[in-house]
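To keep things clear, I will list the structure first and then write my remarks on it.
On a predicted model such as this, the values are computed, not experimentally measured, just so you know. Each ligand, and each atom within it, is numbered from 1 in the order the structure gives.
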Amino acid sequence: MVVMKFGGTSVQDATAIERVAEIVRSRHDQHPVVVVSAFAKVTDQLVLMGQQAVAGDCDAALQLLGMLQKRHFDTAQQLLGAAEGRKINGKLEATFAHADAFLRGLAAIRELSPRSSDQLLSFGELLSSEIVAAALAVRGLDTVWVDSRKCIVTNARYTQALPLAEETRKQTQDKLGAIIAKSKIPVMGGFIAATAEGVTTTLGRGGSDFSAAIVGAALDADSIEIWTDVEGMMTADPRLCPDARTIREISFNEAAELAYFGAKVLHPATLLPAIQQDIPVFVLNSGNLKSKGTRITARAPRSRDTFRAITAKTGVSLVNVVASRGVMVHGFLRSVFEALDRYAASVDLVAISEVSMSFTMDSKRLPTALISELERIADVTCEGQQAIVCLVGEDIHGKPGIAASVFDAVAAAEVNIRMISQGASEINISFVIQENDVPKAVRQLHARFFSPAVVAQAAAASGKRTGKIRKATR
Ligand code: ADP
Ligand code: ASP
Ligand code: MG
């Protein structure tokens with residue numbers, strides 16, 4: 001059994017959805033389960049509509065909803081034709097009527113809680129999954145639309161919900177098992193789920209990848225395929241670095257580190273369920289049916305490059321906490337960590353000395369109350385618009401000179417480093433720079449470690465080394 005997830009651009013219009021049908025057909029014998037994102041940009045537009053409604057501009061929100069409705073109906077019409085289209089029009093209309101009432105409600109109460117936000121954003125995946133299920137059926141694939149909220153059971157951490165493994169396994173097997181047993185193809189929306197009480201939740205932005213992995217783990221799938229708009233996981237974000245190359249094979253650990261530190265191609269939590277059950281994950285290009293993409297498994301062959309890839313996470317704040325003069329040094333660090341714990345702060349990088357500590361956090365998740373509390377025990381500075389650049393590779397540990405070479409390349413790009421971290425994880429070197437320096441730093445690092453000349457040199461050197469060893473052992 002294979003779980004196939006198609007991202008926003010892979011279902012952005014009728015042509016893209018036709019390609020999805022062909023890709024799914026090519027996996028027909030492997031019992032596919034299809035997970036789809038909302039059409040490209042729809043989730044962003046739903047976020048915007050929520051903001052407009054809460055700001056009192058209900059007309060603007062409803063106008064945007066009208067455009068969204070036209071886009072969905074036009075796409076359905078192109079894919080299904082009038083007669084078949086009529087069969088799902090009722091369902092689409094009901095979802096849009098619900099969205100309309102919901103936005104009017106938000107405008108009336110002028111408040112958007114995380115719980116209501118999840119409800120609002122769920123419309124995107126509900127609509128796309130209905131249309132894709134019907135479009136595949138019209139093309140001869142025996143699909144059944146499935147409500148993901150009846151499969152994935154989460155906690156009530158709205159906007160960032162986490163699955164409850166046992167409940168999800170049971171519900172997913174109950175719901176999908178019978179469909180797959182009849183050789184039918186379940187089609188469901190990614191990103192959305194529900195609490196045990198049935199309240200809609202979402203798994204965080206970009207969470208459809210995570211949905212696919214959760215479903216794959218619940219069904220003990222043979223593989224999980226993430227179909228997207230690039231040729232797999234690459235040595236850097238191709239939008240930042242046009243020379244980026246596709247990585248053919250990569251380990252779970254390396255890919256998870258890249259996802260966590262900003263490689264948007266995978267939602268950071270995607271690999272956890274796959275690792276737990278040792279299910280290979282493939283990242284593939286839906287624009288290319290013959291895509292070989294990237295294979296992610298527990299053990300990947302060694303890379304010829306020094307690093308597997310470079311990534312950058314933007315939208316980060318750098319917080320420096322220095323013990324105030326006269327404050328007992330003893331207990332300082334404990335007080336800082338206790339404060340972080342009280343706010344459940346999810347810290348990325350930390351650097352510590354006896355009287356000071358610097359840490360980074362996603363700016364959107366940094367509570368101002370935490371900063372106020374730290375100010376009571378220390379001098380605190382907090383700088384936004386920072387970024388973490390992270391170079392990942394399983395072979396870097398114990399190789400002398402690598403860090404020097406990294407920092408030399410960053411200096412050549414005339415970029416100032418604010419904080420360094422190496423050692424906490426044996427497979428990465430990370431450092432903090434200003435957000436607007438990211439493109440030039442990443443390009444310079446990519447040229448240093450991945451340019452064809454460097455790779456050829458590394459290959460020749462490793463050839464020479466193996467030659468020498470062979471001679472010595474003869
Ligand atoms: P989808 O809508 O299919 O989920 P996303 O936009 O979430 O697609 O992720 C794909 C994008 O991730 C690519 O278009 C690319 O710009 C970006 N990306 C960032 N880092 C990497 C990387 N290392 N390899 C491949 N893509 C990357
Ligand atoms: N549609 C959601 C988002 O844009 C989930 C996803 O695409 O993975 O965040
Ligand atoms: Mg994505």
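- The aromatic rings of Phe96 and Phe73 lie tilted to each other, with the angle between the two planes from 30° to 60°.
- At a 3.5 angstrom cut-off on N or O pairs, Lys5 does not count as close to ligand 2.
- Proximity of Thr311 to ligand 1 is not established, as no heavy-atom distance is less than 4.0 Å.
- With a heavy-atom cut-off of 4.0 Å, Ser37 touches ligand 2 through its side chain alone.
- Closest protein heavy atom to atom 6 (C) of ligand 2: Ser208 OG, 3.3 Å.
- For Gly206, the heavy-atom gap to ligand 2 drops under 4.0 angstrom.
- Of the protein's non-hydrogen atoms, Val265 CB, 3.5 Å is the one closest to atom 26 (N) of ligand 1.
- In terms of N/O distances under 3.5 Å, ligand 1 is approached by Arg239.
- At the top of the distance list for atom 2 (O) of ligand 1, counting protein heavy atoms only, stands Gly8 N, 3.1 Å.
- Taking distance alone, with nitrogen or oxygen atoms compared against 3.5 Å, Ile310 stays at or beyond that limit from ligand 1.
- Atom 8 (O) of ligand 1 has Thr228 OG1, 3.2 Å as its closest protein atom, hydrogens excluded (heavy atom only).
- Residue Gly207 places a heavy atom less than 4.0 Å from ligand 2.
- The residue among Lys264, Glu125, Lys41 with a heavy atom at the shortest distance from atom 2 (C) of ligand 2 is Glu125.
- For atom 21 (C) of ligand 1, the closest non-hydrogen atom on the protein side is Asp237 CA, 3.7 Å.
- When hydrogens are left out, the protein atom nearest atom 6 (O) of ligand 1 is Lys264 NZ, 2.8 Å; that is the closest non-hydrogen contact.
- Within the 4.0 Å heavy-atom cutoff, Gly262 does not count among the residues contacting ligand 1.
- Looking only at protein heavy atoms, the nearest one to atom 24 (N) of ligand 1 is Met234 N, 2.8 Å.
- Close N/O approach between Phe191 and ligand 2 is not found [any backbone or side-chain N/O within under 3.5 Å].
- Of the candidates Ile279, Val2, Thr172, Leu219 forms a side chain to side chain contact (heavy atoms under 4.5 Å, CB included) with just one, namely Thr172.
- Residue contacts with ligand 2: Asp209 is placed with no nitrogen or oxygen under 3.5 Å of a nitrogen or oxygen of the ligand (distance criterion only).
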